[in-house]
Amino acid sequence: MGGRWKLGLGAAIVLGAAVGVGAQTADSEPTAQGDLALTIYNDGQALVQDVRRLAIAEGRSRIDFPDVSAQIQPETLSFSADGAGILEQNFDFDLLTPAKLMEKAIGQTVTLVRTNPATGAETVERATVLSTAGGVVVRIGDRIEVLRDDGLPTRVVFDRVPPNLRARPTLSVSIDSDRAGVRPAAIRYLTGGLGWSADYVALYDEAKGTTDMQGWVTLTNQTGTTFHDARTVLVAGSPSSSSNSRNAPPPPPRGGFRPGTETAPRERLGDYYLYPLPGRTTVANAQTKQVSFLDVQGVPARKVYARTIGWLTSDDAPVNATTAVGFSTAREQGLGDALPAGTVRFYQRDREGTPQFIGESRIGHTPMGSALTLVTGDAFDVFVQAEVVSREKITSQQWEATSGYRVIADDGRAASVTSERPVEFWRTTMRYTLTNARAVPVEVELSQSGLDRGWWSRDFRVSSEDVPGEQINADRRKYLVTVPANGRREVRVTYDTRY
């Protein structure tokens, strides 16, 4: 008798006849919801607005609102009905399930009906439920028994439904009305379990230098409730709330991101963009629904090979360059829209014209007019090896004395005017070796980082460089290096730094 008892396998649970009829009638109603409007946010919460026509009695009475979200945040509820005010609210979230029925029946008597599989004969016994922890333990007469999941047909018959169990999530409000009559009654509340995310499918054409892009919103409902025939709008943005206050903002995409300055042609709500779904839609519980919101072709795009080198990095072996696709969300570049945070998946056609997956990258909320370089993976044929060729101290005269410092020794040691902390000057030569096994030349974006070492090493300068560099910021300098087809190229750069 020691097996674990599982609901829905070896045992069935039924209610007594008198109670079962009432439950059947309630469950046969498709929904008690009224005119629904859903506003769904990226962070897994939503605003539900539900207007129902109800018969409201004069004076004090209680109104039940079944079919609300099982993850309702009761403290966010607002109720409105002409001539009526709310006095008290209760949310009954203990739903009528076999497990809950058993839990509520502890200490009470139920009927066990067992069927002999060989003869079909039924045995009926009254039993007291003792425990449901890890299995159902009952007392039948003077013996203790564990209901087992052994495949034998067993039914547990309950005499009644416990008063605090509901077939559907139900909100109850006590109100005081100045008159009787049928009128609209509206409830508004926030709920968890209802969210959406964006996904993008990008078909990249390397020969044409373009990409076609489709955008999809993926809507998920884990609230425990189906929302019927609702007007639905999605909000792209991050409203502050207690549920998401600890979440870090999405990181910038790998590769590169320059935010745009164009306003997208979409409705705004404060600082957020709205993406309404066309028409009305039913969002079923435990359902994933996808709706298209973006479909553009021929957006200019380019392949990018890149590697960022840390300061004083000396590789033991060549390192694969990353490969990325760069494009713009600007109007003049053909895409012309703001992109909600999501995942961009890139595809490229093979020789037979079949699209094949080549990589993906995450993006945050991206304004229109932004420049994106999204990493798709590591290059197979393009490598970069960084090496420290030489590193030596130089004198302050070689450095050229900097304003705010005074030399205190001939060996190049100096101190701040406001501090006697010594300063040293160094000359470092880096060698970058790039190889390309492709049959066409490639351009590699080579970035040297770590040039700004903090308050104690703010200054550096480039003594010499084989390729003209572009200073991106105080910490990073970028070089565009063209590597010939099936070839190799070496670049040397000498940096003078003050510590």
Peer 1: Between T482 and V467, is there a side-chain heavy-atom distance shorter than 4.5 Å?
Peer 2: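 The answer is no; the side chains never approach within 4.5 Å.
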Peer 1: Any donor and acceptor pair, going by atom type alone, linking the side chain of T220 with main-chain N or O of T288 inside 3.5 Å?
Peer 2: no
Peer 1: So, taking the atom named CZ in F346 and the one named OG1 in T323, what distance separates them when rounded to the nearest 0.5 Å?
Peer 2: 10.0 Å
Peer 1: When you measure from the side chain of S328 to the backbone of Q333, do you find a donor-acceptor pair of N or O atoms at a distance under 3.5 Å?
Peer 2: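 No; judged by distance alone, with no hydrogens or angles, the pair does not exist.
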Peer 1: Under a 4.0 Å N-O cut-off, is there an ion pair linking R492 with E490?
Peer 2: yes
Peer 1: List in chain and number order the residues that pass side-chain contact (heavy atoms from CB on, under 4.5 Å) with R302, two or more places apart in sequence or in another chain; answer none if no residue qualifies.
Peer 2: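 Checked R302 against side-chain contact (heavy atoms from CB on, under 4.5 Å); matches are V304, E445.
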Peer 1: Counting only N and O atoms by type, is there a donor-acceptor contact under 3.5 Å from the side chain of T211 to the main-chain atoms of L203?
Peer 2: yes
Peer 1: Which atoms form the tightest heavy-atom contact between N320 and A379, and what is the distance?
Peer 2: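 Minimum heavy-atom separation between N320 and A379: ND2-O, 2.8 Å.
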Peer 1: If the condition is ring pair (Phe, Tyr, Trp, His ring centres under 6.0 Å), which residues does F293 pass it with, not counting sequence neighbours?
Peer 2: Y200, Y275
Peer 1: Hey, are the side chains of F327 and L374 touching, using non-hydrogen atoms and a 4.5 Å cut-off?
Peer 2: yes
Peer 1: Just wondering, more than 12 heavy atoms not from F380 lying within 6.0 Å of its CZ?
Peer 2: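 No, the 6.0 Å shell around CZ holds no more than 12 heavy atoms from other groups.
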Peer 1: Just wondering, do V483 and Y305 contact through their side chains at under 4.5 Å, heavy atoms?
Peer 2: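 Answer no - side chains too far apart.
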Peer 1: State, without any angle test, whether S449 and R476 hold a side-chain donor-acceptor pair at a distance under 3.5 Å.
Peer 2: no
Peer 1: Would you check if there is a donor-acceptor pair between the side chains of T429 and T494 at a distance under 3.5 Å?
Peer 2: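 Distance-only check passes for T494 and T429.
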Peer 1: For the CG atom on D316, are there more than 12 heavy atoms of other groups (residues, nucleotides or ligands in this structure) within a distance under 6.0 Å?
Peer 2: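 At most 12 heavy atoms, drawn from other residues, nucleotides or ligands, come within 6.0 Å of this atom.
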Peer 1: Around R188, counting heavy atoms of other residues, nucleotides and ligands shown, do more than 12 lie under 6.0 Å from its CZ?
Peer 2: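 No, the 6.0 Å shell around CZ holds no more than 12 heavy atoms from other groups.
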Peer 1: For the residue pair V299 and M213, establish whether any side-chain heavy-atom pair is separated by less than 4.5 Å.
Peer 2: no
Peer 1: Might you work through the side-chain contact (heavy atoms from CB on, under 4.5 Å) test for T31 and T226, ending with a clear yes or no?
Peer 2: CA-CA 9 Å; T31 182; T226 294; over 6 Å; no
Peer 1: Could you give me the CA-CA distance, side-chain angles and deciding distance for R488 and T435, then say whether side chain to side chain donor-acceptor pair (under 3.5 Å) is met?
Peer 2: CA-CA 4 Å; R488 180 188 310 269; T435 57; 5.3 Å; no
Peer 1: Has R52 got a side-chain atom pairing as donor or acceptor with A32's backbone, closer than 3.5 angstrom?
Peer 2: yes
Peer 1: Can you tell me how far apart CG (D35) and CZ (R53) are? Round to the nearest 0.5 Å.
Peer 2: 11.5 Å
Peer 1: If you take all heavy atoms of I187 and L77, which pair is closest and at what distance?
Peer 2: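 Smallest interatomic distance, heavy atoms only, reads CB-CD1, 3.9 Å.
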Peer 1: Any donor and acceptor pair, going by atom type alone, linking the side chain of D496 with main-chain N or O of R461 inside 3.5 Å?
Peer 2: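 Not at all, since once roles are kept as given, no pair shorter than 3.5 Å links the two residues.
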Peer 1: Looking at CZ of F65 and CD1 of I72, how far apart are the two atoms once the value is rounded to the nearest 0.5 Å?
Peer 2: 10.5 Å
Peer 1: Can you confirm whether the side chains of D350 and Q356 place a donor and an acceptor under 3.5 Å from each other?
Peer 2: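 Yes, a side-chain donor-acceptor pair sits under 3.5 Å.
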Peer 1: Is V291 close to L219 at the side-chain level, that is, under 4.5 Å between some pair of heavy atoms?
Peer 2: no
Peer 1: Between A386 and I309, which heavy-atom pair has the shortest distance, and what is it?
Peer 2: CB-CG2, 3.7 Å
Peer 1: Going by side-chain contact (heavy atoms from CB on, under 4.5 Å), name the residues that satisfy it together with D229, two or more places apart in sequence or in a different chain.
Peer 2: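 Listed in chain order: R280.
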Peer 1: Rounded to the nearest 0.5 Å, what separation is found between the CZ atom of F227 and the CG atom of L194?
Peer 2: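 It comes to 6.0 Å.
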Peer 1: Examine distances only and state if a side-chain atom of S361 and a backbone atom of V344 form a donor-acceptor pair shorter than 3.5 Å.
Peer 2: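 Answer holds: no.
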Peer 1: For residues T223 and S69, report the shortest heavy-atom separation together with the two atoms involved.
Peer 2: CB-OG, 3.3 Å
Peer 1: Assess the residue pair I40 and L234 against the criterion (side-chain contact (heavy atoms from CB on, under 4.5 Å)); give the C-alpha distance rounded to whole Å, side-chain angles, the decisive distance to 0.1 Å, and a yes or no.
Peer 2: CA-CA 5 Å; I40 306 176; L234 311 178; 3.9 Å; yes
Peer 1: With side chains defined as the heavy atoms from C-beta onward, is the minimum distance between T376 and V325 less than 4.5 Å?
Peer 2: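 Yes; the side chains approach each other to less than 4.5 Å.
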Peer 1: So, taking the atom named CD in E470 and the one named NZ in K478, what distance separates them when rounded to the nearest 0.5 Å?
Peer 2: 5.0 Å
Peer 1: When you compare the side chain of L47 with that of L38, does any pair of heavy atoms fall below 4.5 Å?
Peer 2: no
Peer 1: Testing the basics here: between A264 and D337, what is the closest heavy-atom pair and its distance to 0.1 Å?
Peer 2: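 Heavy-atom minimum between the residues: CB-OD1, 3.9 Å.
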Peer 1: Could you tell me which non-hydrogen atom of T497 sits nearest to which non-hydrogen atom of W311, and how far apart they are?
Peer 2: CG2-CZ2, 4.0 Å
Peer 1: Closer than 4.0 angstrom, basic N to acidic O: yes or no for R427 and E392?
Peer 2: no
Peer 1: Would you call N285 and T225 a side-chain contact if the rule is heavy atoms closer than 4.5 Å?
Peer 2: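 No, every pair of side-chain atoms sits at 4.5 Å or beyond.
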Peer 1: Determine whether a donor-acceptor pair (N or O, by modelled atom type, separation under 3.5 Å) exists between the side chain of D212 and the backbone of Q297.
Peer 2: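 No, because the side chain of D212 does not come within donor-acceptor range (under 3.5 Å) of the backbone of Q297.
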Peer 1: Applying side-chain contact (heavy atoms from CB on, under 4.5 Å) to T428 and V388, what does each step give before you reach the verdict?
Peer 2: CA-CA 7 Å; T428 304; V388 179; 4.2 Å; yes
Peer 1: With distance as the sole test, does E465 use its side chain to make a donor-acceptor pair with the main-chain N or O of V493 at under 3.5 Å?
Peer 2: no
Peer 1: Check for a donor-acceptor pair, side chain of H365 on one end and backbone N or O of A341 on the other, with a separation under 3.5 Å.
Peer 2: yes
Peer 1: Ignoring hydrogens and angles, tell me if any N or O in the side chain of Q385 forms a donor-acceptor pair with the backbone of D315 under 3.5 Å.
Peer 2: yes
Peer 1: Quick one: do V217 and L277 satisfy side-chain contact (heavy atoms from CB on, under 4.5 Å)? Show the steps, please.
Peer 2: CA-CA 10 Å; V217 293; L277 301 189; 4.3 Å; yes
Peer 1: Is a salt bridge present between R489 and D466, judged by a nitrogen-to-oxygen distance below 4.0 Å?
Peer 2: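 No, no charged N to carboxylate O under 4.0 Å.
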Peer 1: From F460 CZ over to R477 CZ, what is the distance, rounded to the nearest 0.5 angstrom?
Peer 2: 6.5 Å
